[in-house]
**Q** 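Below are the structure tokens for one structure; questions will follow.
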There are 2 protein chains.
Amino acid sequence: MTTPCNKRRSSCPISFSLDVLGDKWTLLVMRDLIFMRKRRFGDFLNSAEKIATNILTQRLRNLEHAEIVTRRTDPENARQVLYELTAKGLDLIPVLLDLIIWGARYDLETGAPQEFLTRAQTDRKGLIEELRNSILEQSSNE
Amino acid sequence: MTTPCNKRRSSCPISFSLDVLGDKWTLLVMRDLIFMRKRRFGDFLNSAEKIATNILTQRLRNLEHAEIVTRRTDPENARQVLYELTAKGLDLIPVLLDLIIWGARYDLETGAPQEFLTRAQTDRKGLIEELRNSILEQSSNE
DNA sequence: CTGTATCCTTAGGGATACTG
DNA sequence: CAGTATCCCTAAGGATACAG
């Protein structure tokens with residue numbers, strides 16, 4: 001079942017992005033990677049939205065093939081696997097950030113971290129840099 | 001079939017956003033509204049990705065219910081219908097902008113408008129303001 | 001032009017059992 | 001822990017044809 005990546009709908013940057021990210025689960029996994037600092041299969045499974053194991057596997061493979069995450073075994077524990085963001089994956093931080101901002105603004109039920117939001121408005125670049133760096137640090141300090 | 005909007009998967013701003021936008025077509029319609037300045041049913045149909053009529057109807061209804069677009073008949077032509085962005089819809093410009101930037105950076109096949117991209121980097125806020133204003137102007141000058 | 005209505009197919013996804 | 005393997009089912013989507 002070696003499907004080549006021929007599922008492109010058109011040649012348009014947005015369409016390109018959506019062909020990779022535009023489904024019900026992928027960006028949720030990205031949220032976990034970026035904001036929840038999750039890196040292991042079981043961590044993703046435990047998220048509130050309850051993704052099924054087969055679907056999660058599928059999405060992680062997709063992200064791997066898209067070179068958005070890498071997969072490696074934990075050097076400290078050979079039975080653990082770590083999924084980590086590549087540079088290409090880190091470059092999605094702005095997208096996720098904007099989704100938070102919009103969601104928090106219009107979702108009246110959910111309380112969102114206010115200090116985070118104002119920070120996102122006043123110092124967007126700095127916030128992105130900070131997120132990026134602390135993720136990089138987390139990955140490299142083993 | 002009056003399904004209440006009970007399809008929320010969790011209380012999280014990103015999850016909230018994705019429950020509205022996270023499918024194969026919705027953000028493509030948003031792209032057409034924001035960047036292609038499309039406002040009519042037939043315009044959306046003519047996009048490169050070839051959405052089916054029933055799906056398009058469905059998505060436009062969703063966006064209406066989510067109060068992201070409004071629907072009205074063209075005052076200049078009673079047989080035409082205009083779909084237009086609300087304030088809530090205009091607030092999605094940043095998300096779409098970031099999807100363009102990321103897509104353009106990593107999609108090696110598609111040539112993206114370079115001047116637009118550099119502008120997005122150097123004067124993000126100004127660019128968003130400009131887009132927003134010119135869309136508002138387009139809607140109101142009838 | 002802006003849709004409805006239908007039919008039909010497939011992909012996406014939930015549940016669960018099982019494996020190295 | 002990190003998945004595979006199944007089964008099964010529904011929703012999503014394509015392809016028309018047709019209507020106001």
Side-chain angles (χ1 to χ4, degrees), chain A residues 1-10 15 18-29 32-33 38-65 69-84 142, chain B residues 1-10 15 18-29 32-33 38-65 69-84 142:
Chain A
M1 194 72 81
T2 48
T3 38
C5 293
N6 280 340
K7 53 174 180 175
R8 273 200 86 172
R9 283 178 288 177
S10 76
S15 176
L18 294 178
D19 287 342
V20 185
L21 310 165
D23 73 292
K24 212 175 150 188
W25 291 108
T26 301
L27 286 174
L28 239 31
V29 174
D32 285 349
L33 283 161
K38 297 186 174 180
R39 295 193 291 172
R40 291 172 308 164
F41 194 87
D43 294 335
F44 301 119
L45 274 186
N46 284 332
S47 289
E49 295 85 7
K50 298 299 160 208
I51 188 172
T53 58
N54 51 345
I55 306 296
L56 177 56
T57 302
Q58 212 178 95
R59 291 306 125 93
L60 287 170
R61 294 288 173 274
N62 287 353
L63 288 171
E64 244 191 293
H65 290 139
V69 305
T70 56
R71 195 193 114 109
R72 63 164 178 159
T73 63
D74 187 337
E76 295 178 353
N77 182 346
R79 295 182 44 196
Q80 297 263 49
V81 176
L82 295 179
Y83 293 93
E84 292 170 321
E142 278 134 20
Chain B
M1 193 72 79
T2 47
T3 39
C5 291
N6 279 341
K7 53 175 182 173
R8 272 199 86 174
R9 284 178 288 177
S10 75
S15 176
L18 294 178
D19 287 342
V20 185
L21 310 165
D23 73 294
K24 212 175 151 188
W25 292 108
T26 300
L27 285 175
L28 240 31
V29 174
D32 285 350
L33 282 161
K38 298 186 174 180
R39 294 194 290 172
R40 292 172 309 163
F41 195 86
D43 294 335
F44 301 119
L45 274 185
N46 285 330
S47 289
E49 294 85 5
K50 296 299 159 209
I51 188 172
T53 58
N54 51 345
I55 306 295
L56 177 56
T57 302
Q58 211 178 97
R59 291 307 126 91
L60 288 170
R61 294 290 173 273
N62 287 352
L63 288 171
E64 242 191 296
H65 291 140
V69 304
T70 56
R71 197 193 113 109
R72 64 163 177 160
T73 63
D74 189 337
E76 295 177 354
N77 182 347
R79 296 180 45 196
Q80 296 263 47
V81 176
L82 295 180
Y83 292 94
E84 291 169 323
E142 277 136 21

**Q** Has A:Asp19 got a side-chain atom pairing as donor or acceptor with A:Arg9's backbone, closer than 3.5 angstrom?
**A**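 Yes, the answer is positive, given that a donor and an acceptor are paired below the 3.5 Å cut-off.
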**Q** What does nucleotides 13-20 of chain D look like as a protein-contact string, B for base, S for sugar-phosphate only, - for none, at under 4.0 angstrom between heavy atoms?
**A** BBBB----
**Q** Rounded to the nearest Å, what distance is computed from the CD atom of residue B:Gln80 to the P atom of nucleotide C:dT2?
**A**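 Roughly 5 Å, once rounded to whole Å.
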**Q** Could you give the distance from CG (A:Asp32) to CZ (A:Arg40), rounded to the nearest 0.5 Å?
**A**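 So the gap between those two atoms works out to 12.5 Å.
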**Q** In this structure, how many angstroms lie between the P atom of C:dG14 and the CG atom of A:Leu28, rounded?
**A** 11 Å
**Q** Separation of A:Lys38 atom NZ from D:dC1 atom P, in whole Å?
**A**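 Rounded to whole Å, this separation is 14 Å.
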**Q** In this structure, how many angstroms lie between the C1' atom of D:dA2 and the CZ atom of A:Phe41, rounded?
**A** 6 Å
**Q** Please confirm whether the backbone N or O of A:Asp43 pairs with a side-chain atom of A:Lys38, one donor and one acceptor, at under 3.5 Å?
**A**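 Side chain of A:Lys38 to backbone of A:Asp43, a donor-acceptor pair under 3.5 Å: yes, one is there.
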**Q** When the distance from CG of A:Leu56 to C1' of C:dG13 is rounded to whole Å, what number comes out?
**A** 13 Å
**Q** To the nearest Å, give me how far apart CZ (A:Phe44) and C1' (D:dA2) are.
**A**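 Going from CZ in A:Phe44 over to C1' in D:dA2 covers 12 Å.
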**Q** Just to confirm, is there a sub-4.0 Å distance from OP1 or OP2 of C:dG3 to any side-chain nitrogen or oxygen of B:Tyr83?
**A** yes
**Q** In terms of side-chain geometry, is the basic nitrogen of A:Asp23 or B:Lys24 positioned less than 4.0 Å from the acidic oxygen of its partner?
**A**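 Here A:Asp23 does not pair with B:Lys24 in a salt bridge, since their nearest N and O are not under 4.0 Å apart.
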**Q** B:Leu63 and B:Val29: side chain to side chain contact (heavy atoms under 4.5 Å, CB included), yes or no, with the steps?
**A** CA-CA 10 Å; B:Leu63 288 171; B:Val29 174; 4.0 Å; yes
**Q** Could you walk me through whether B:Val81 and B:Phe41 satisfy the side chain to side chain contact (heavy atoms under 4.5 Å, CB included) test, starting with their C-alpha distance in whole Å, then the side-chain angles of each, then the deciding distance to 0.1 Å, before giving a yes or no?
**A** CA-CA 7 Å; B:Val81 176; B:Phe41 195 86; over 6 Å; no
**Q** Take atom CG of A:Asn62 and atom P of C:dA11, then tell me their distance rounded to the nearest Å.
**A**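 Going from CG in A:Asn62 over to P in C:dA11 covers 14 Å.
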**Q** Using a cut-off of less than 4.0 Å, is there contact between a side-chain N or O of A:Arg61 and OP1 or OP2 of D:dT4?
**A** yes
**Q** Whole-Å distance between C:dT2 P and B:Leu45 CG?
**A**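 Taking CG of B:Leu45 and P of C:dT2, I get 9 Å after rounding.
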